[in-house]
Amino acid sequence: MLLSQFEGRFPTEESCVSYFRDIRIIQGVSCPNCGVKTDKWLQGRKAFQCTKCGCSIPLTKGTVMEHSKLSLRTWFYAMHLMTSIKQVLSAKEVQHQLRIEQYPPVWLMMMKLRNIMGKRDSIYQLSDEVELDEAFFPIRIPEEARGEKIKRGAGSQQQAKVLVIVESKPVDTVLQQYLCEATEQSIRKASKLAKKAERQSIGKVVHYIKMFVIDNLSADTLDKIVRKHIDKDTVIVSDGSSSHINFEGYFKGYERHVESNVDSVVKTHLPWVHVVIGRCRSGIAAIHGEVDKQFLQLYLNEFCWKFNRRFFKDSCDPKYDLFDRLVKIAAIYTSDIKWRDYYLPDDEIV
Ligand SMILES: [Zn+2]
């Protein structure tokens, strides 16, 4: 959504309240005491009322905004900023744009939004064919490791391990699927894809992605994540690391590419997982600098959520607008992140 469209749709706090109320009614508001569904609205109190016990249910009850002292329009504005640009944003920048004096509420709002983005994406499984690899992301040295000798490689205190999984398919397979469908739309898509494939050197098409901060690279750690987030009926393509030892037999297929020419393996078999790692790592480093390991998953959530919805943008139709997607999940997910859990001294605020 463009800024002018945002200003037009949400000029006042009341316009945001009214929009959010309608979304909540569509999703269904239940009384926290007796579970009865209600759409009875108490205009002056910005709350619903239970038709059985009569209690009032605040508009933000059971949403990500619950307990926040910021106005709904501030939340909407932050969601607009987070969804209207491709890059990630720092809480400092949003604080500046919103002219809010205090940093903690803005930081908390953005972290909660990143938290619910992850919750939303976790309901979906990746399927069909996926590229999988482990990456290292730079992090601030943890407090307890300061003063220690910095280790190199996988055990370094300056790096966090991240498991990256990307749904992708060879361009030829996707072209064949489009042509088999033989509808006007699929043939148009096939022609667009063929032209794109000619322009870029990546011979695969990427779909959805997932990224997880992991404590270690053991097979057991990876198995728990992949079995939850990848459909069993999937072919996994990887570099054949020893951590992937249990993929074979559990999933429909497992392709190990252990050739000595790493560049060729990446280019031919694992192109998108590396593109995604590069983009995400440089995006986070450019905006947030060195991040604390405990926040990294939240930044990954934001990157993945936006990447997975990259085709929703700047549409006048709320159905295809990324901002509206975020408002909808803001209405159904809560986040228990608290400022005091993560308090950073002023000199470390980025
Ligand atoms: Zn009730």
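It should be emphasised that the depicted structure is a prediction, and the values quoted were computed from it without experimental measurement. Atoms within each ligand, like the ligands themselves, are counted from 1 in listed order. For this chain, numbers begin at 1 and follow the sequence in order. Atoms considered below: every heavy atom in the structure, side chains included; atoms not considered: hydrogens, waters and symmetry mates.
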| request: For Arg309 and Trp305, indicate whether the former's side chain and the latter's backbone hold a donor-acceptor pair under 3.5 Å. | output: yes

| message | Regarding Lys169 and Asp128, does a basic nitrogen lie under 4.0 Å from an acidic carboxylate oxygen? | response | yes

| field | Ring centers of Phe311, Tyr320 separated by less than 6.0 Å | value | no

| task | Sort out for me which residue in Val291, Val213, Asp292, Ile284 forms a side chain to side chain contact (heavy atoms under 4.5 Å, CB included) with Ile139. | result | Val291

| note | The protein N, O or S atoms lying under 2.8 Å from the Zn ion (ligand 1) are Cys31 SG, Cys34 SG, Cys50 SG, Cys53 SG

| task | Apply the side chain to side chain donor-acceptor pair (under 3.5 Å) test between Tyr333 and each candidate in Lys112, Arg120, Lys328, Lys119; give the one that qualifies. | result | Arg120

| query | In chain order, what residues pass the ring pair (Phe, Tyr, Trp, His ring centres under 6.0 Å) check against Tyr19, with sequence neighbours excluded? | reply | Phe10

